[in-house]
*Asks:* 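One structure follows; several queries about it will come next.
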Amino acid sequence: ISGLVKDASVKSPLAFVSVVIEGTNLGVLSDIDGKFTIDIPAAKQEGNLIFQYLGYTAKRIPVKNLTKQNVVVVELKSSDLMLDEVKVELKENPAHRIIRNVTTNRENNNPEKMRSFSYISYNKMFVTADIKEAADTNRTMDTVKGKAAKLLKKQHLFLTESVSERKYLHPGRNNEKVLASRVSGFKNSPFTLLATQMQSFSFYDDFITVFDRSFINPVCKGSTSKYFFQIEDTLYQGKDSVFIISFRPLKGKNFDGMKGTLYINSDGWAVQNVIAEPVDRTGMISIKIQQKYEKVENTQWFPVQLNTDWIYMNSMISDSTMAIGSKENSGDGKVKAIGRTYISEIKLN
């Protein structure tokens, strides 16, 4: 069964959703674009699939209902959870053992500690906006907003695409060649720069960079004294386990930190997936990053997909100009810059 998992309200794909055959340890995770494929044993084809995701209500669907659909689309509803204070009664938080194993193996799992590698990447970033179409006392402004809303239903404001080849030689020697590129939309757009400064290539350096801002990595050495970790779930992939661990800065700590979810594979104690965002917003800007890793040549975990979502909360788009955050337009909508990188043709050493 193959399909797509979405948020029920905003219809956006959900990355790394747990898809498990009920009553078994057999399951998969949706990819960074919300897509999944799972093989159902004959003995379980009368059973259910369970879709689970942090912050969302779990959904149980009979397998026979899914096999009847040409295109399986599963929508999950977000749930507002009020968490009480967490008290760990054990001598040690059980998540700390896993995080220590990750930090101990950082050098082995960090691609940029290898002797060399090369890959081809397809990079795409588009800018769009959500405009409220509520009636305005200013009829002229209401007309402008109406036109902008109709335009944005048909097309993005800005789109840039590129294909590039990167060659890396340790330590830190890079050669990147742009094979093809194109840009559509605003001329001299401020978003052109954003496309090249989205996020760190991998999640193993002491600091994670997002749009030129650095955050202390939750898997750096000593991170258990800075972050609170909690095991939320455990999945099984063959002989290996995938530990789903949420993280956030410890109460009372003052540093540039992130919050989110780590998916740690016991095969090499490597980061398999990560979802992260800054704890504190920069003004009205919200940023979220996602990374997906796969084991290449059965030897090295390597990033294969990188997502960056940049959202400016208050904005207004007119038919000829774009003004962000002006007083008269406050609360009218959101400008969103969505970046996607897909890595292929990976060659190691």
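Keep in mind it's a predicted model, so treat the numbers as computed, not measured.
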*Asks:* For residues K347 and E297, report the shortest heavy-atom separation together with the two atoms involved.
*Replies:*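 Reported closest heavy-atom pair: CA-OE2, 4.3 Å.
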
*Asks:* Looking only at heavy atoms, which two atoms of E161 and R182 are closest? And how far apart?
*Replies:*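 That would be OE1-NE, 2.8 Å.
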
*Asks:* Salt bridge check, K77 against E75: does any charged N sit closer than 4.0 Å to a carboxylate O?
*Replies:*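 No salt bridge links E75 with K77.
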
*Asks:* What distance do I98 atom CD1 and I245 atom CD1 have between them, rounded to the nearest 0.5 Å?
*Replies:*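 One finds 4.0 Å between CD1 of I98 and CD1 of I245.
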
*Asks:* State the CD-CD distance between E294 and Q272, to the nearest 0.5 angstrom.
*Replies:*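 CD of Q272 is found 8.5 Å from CD of E294.
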
*Asks:* Does a salt bridge link K177 with E165, judged by any charged N lying under 4.0 Å from a carboxylate O?
*Replies:*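 Answer for the salt bridge query: no.
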
*Asks:* Should L26 and F16 be counted in the same cluster of Ile, Leu, Val, Met, Phe, Trp and Tyr side chains packed under 4.5 Å apart?
*Replies:*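 Shared cluster, yes.
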
*Asks:* Can a donor-acceptor pair be found between the side chains of N123 and S162 at a distance below 3.5 Å?
*Replies:*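 Result is yes, a qualifying pair exists.
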
*Asks:* Using modelled atom types only, decide if a donor and an acceptor are shared between the side chain of Y293 and the backbone of Q300 within a distance under 3.5 Å.
*Replies:*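 No.
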
*Asks:* Against D309, only a single residue in Q290, K336, R340 fulfils side-chain hydrogen bond (donor to acceptor under 3.5 Å, both in side chains); can you say which?
*Replies:*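 So, applying the side-chain hydrogen bond (donor to acceptor under 3.5 Å, both in side chains) to D309 and each of Q290, K336, R340, only R340 qualifies.
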
*Asks:* For S266, is there any backbone N or O sitting under 3.5 Å from a side-chain donor or acceptor partner on D240?
*Replies:*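 Not confirmed, D240 side chain does not pair with S266 backbone.
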
*Asks:* Look at the side chain of R106 and the backbone N and O of Y204, then say whether any donor-acceptor pair between them is shorter than 3.5 Å.
*Replies:*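 Such a contact is found between R106 side chain and Y204 backbone.
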
*Asks:* Between CD of E345 and OG of S121, what distance do you get to the nearest 0.5 Å?
*Replies:*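 Here the rounded value is 10.5 Å.
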
*Asks:* List the steps, then state whether side-chain contact (heavy atoms from CB on, under 4.5 Å) holds for K259 with E277.
*Replies:* CA-CA 6 Å; K259 61 181 179 180; E277 60 183 293; 3.9 Å; yes

*Asks:* Measuring only between side-chain heavy atoms, which start at C-beta, is P94 closer than 4.5 Å to I231?
*Replies:*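 Answer yes - side chains close enough.
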
*Asks:* Can you classify the ring geometry of Y119 versus F117 as parallel (below 30°), tilted (30 to 60°) or perpendicular (above 60°)?
*Replies:*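 Geometry flag for F117 against Y119: parallel rings.
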
*Asks:* With no hydrogens and no angle check, is any side-chain donor or acceptor of N93 less than 3.5 Å from a backbone partner on F229?
*Replies:*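 Yes; judged by distance alone, with no hydrogens or angles, the pair exists.
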
*Asks:* Name the orientation class of the two ring planes belonging to F36 and F51 (parallel below 30°, tilted from 30 to 60°, perpendicular beyond 60°).
*Replies:*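 Taking F51 first and then F36, their aromatic rings stand perpendicular (interplane angle over 60°).
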
*Asks:* With Y263 as reference, evaluate V271, L29, D233 under the side chain to side chain contact (heavy atoms under 4.5 Å, CB included) test and give the passing residue.
*Replies:*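 Exactly one option meets the side chain to side chain contact (heavy atoms under 4.5 Å, CB included) with Y263, and it is L29.
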
*Asks:* Counting neighbours of CG on D39 that are heavy atoms of other residues, nucleotides or ligands and sit closer than 6.0 Å, is the number greater than 12?
*Replies:*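 Open: at most 12 neighbouring heavy atoms sit under 6.0 Å from CG of D39.
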
*Asks:* Ignoring hydrogens and geometry, is there a side-chain-to-backbone donor-acceptor pair from S200 to T209 under 3.5 Å?
*Replies:*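 Checking the backbone N and O of T209 against the side chain of S200, a donor-acceptor pair under 3.5 Å is found.
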
*Asks:* Between L306 and Y122, is there a shared hydrophobic cluster once you connect ILVMFWY residues whose side-chain heavy atoms come closer than 4.5 Å?
*Replies:*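 As far as the 4.5 Å side-chain criterion goes, Y122 and L306 are not connected within one cluster.
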
*Asks:* Donor-acceptor pair, distance only, cut-off 3.5 Å: does the side chain of E112 make one with the backbone of Y168?
*Replies:*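 Judged by distance alone, no pair lies under 3.5 Å.
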
*Asks:* Distance check, rounded to the nearest 0.5 Å: L250 atom CG versus S223 atom OG?
*Replies:*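 If we round to the nearest 0.5 Å, L250:CG and S223:OG are 9.5 Å apart.
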
*Asks:* Could you tell me whether the side chain of S286 and the main chain of I311 form a donor-acceptor pair under 3.5 Å?
*Replies:*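 Pair absent, no side-chain N/O of S286 close to backbone of I311.
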
*Asks:* Just by modelled atom types, is the V17 backbone N or O under 3.5 Å from a matching donor or acceptor in the S30 side chain?
*Replies:*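 Yes, the answer is positive, given that a donor and an acceptor are paired below the 3.5 Å cut-off.
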
*Asks:* Please tell me if the side chains of M125 and F158 come closer than 4.5 Å, counting only heavy atoms from C-beta onward.
*Replies:*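 Answer yes - side chains close enough.
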
*Asks:* Has D33 got a side-chain atom pairing as donor or acceptor with P13's backbone, closer than 3.5 angstrom?
*Replies:*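 Checking the backbone N and O of P13 against the side chain of D33, no donor-acceptor pair under 3.5 Å is found.
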
*Asks:* I99 and L262: side-chain contact (heavy atoms from CB on, under 4.5 Å), yes or no, with the steps?
*Replies:* CA-CA 10 Å; I99 297 301; L262 292 164; 4.1 Å; yes

*Asks:* Would V242 and N265 satisfy side-chain contact (heavy atoms from CB on, under 4.5 Å), going step by step from the backbone distance to the final call?
*Replies:* CA-CA 4 Å; V242 179; N265 197 304; 3.9 Å; yes

*Asks:* Where is the tightest heavy-atom contact between K59 and V74, given as atom of each residue plus distance?
*Replies:*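 Residues K59 and V74, closest heavy atoms: CD-CG1, 4.1 Å.
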
*Asks:* Consider only side-chain heavy atoms of I, L, V, M, F, W and Y, link residues closer than 4.5 Å, and tell whether F207 and F247 are in one cluster.
*Replies:*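 Result: yes, single cluster for both.
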
*Asks:* Measure across A276 and M258 and return the closest heavy-atom pair with its distance rounded to 0.1 Å.
*Replies:*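 Shortest heavy-atom contact: CB-CE, 3.9 Å.
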
*Asks:* Between atom CG of L49 and atom CD1 of I21, what is the distance when rounded to the nearest 0.5 Å?
*Replies:*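 With rounding to 0.5 Å, CG (L49) is 6.5 Å from CD1 (I21).
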
*Asks:* Take atom NZ of K11 as the centre, draw a 6.0 Å sphere, and report whether it contains more than 12 heavy atoms from other residues, nucleotides or ligands.
*Replies:*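 Yes - once you tally the heavy atoms of other residues, nucleotides and ligands closer than 6.0 Å, there are more than 12.
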
*Asks:* What are the two closest heavy atoms between T103 and K221, and how far apart are they?
*Replies:*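 Heavy atoms of T103 and K221 come nearest at CG2-N, 4.3 Å.
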
*Asks:* Mind checking the CG-CH2 spacing from N105 to W301? Nearest 0.5 Å is all I need.
*Replies:*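 Answer for the CG-CH2 pair, N105 versus W301, is 12.5 Å.
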
*Asks:* Do V28 and V63 belong together in a cluster built from hydrophobic side chains that touch within less than 4.5 Å?
*Replies:*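 Cluster IDs for V28 and V63 match.
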
*Asks:* Should V304 and I120 be counted in the same cluster of Ile, Leu, Val, Met, Phe, Trp and Tyr side chains packed under 4.5 Å apart?
*Replies:*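 V304 and I120: separate clusters.
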
*Asks:* side-chain contact (heavy atoms from CB on, under 4.5 Å), that's the test. Do D31 and K292 meet it? Break it down for me.
*Replies:* CA-CA 7 Å; D31 70 9; K292 178 185 177 182; 3.3 Å; yes

*Asks:* Would you say the side chain of N101 lies within less than 4.5 Å of the side chain of I264, judging by non-hydrogen atoms?
*Replies:*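 A side-chain contact is absent here, since even the closest heavy-atom pair is not under 4.5 Å.
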
*Asks:* Can you give me the closest heavy-atom contact between Q52 and A58, atom names plus distance?
*Replies:*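 Looking at all heavy atoms of both residues, the shortest contact is CG-CB, 3.9 Å.
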
*Asks:* Contact between R248 and V279 at the side-chain level, heavy atoms closer than 4.5 Å - yes or no?
*Replies:*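 Answer no - side chains too far apart.
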
*Asks:* Is the F201 to F302 ring centre distance short of 6.0 Å?
*Replies:*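 Yes, ring centres under 6.0 Å apart.
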
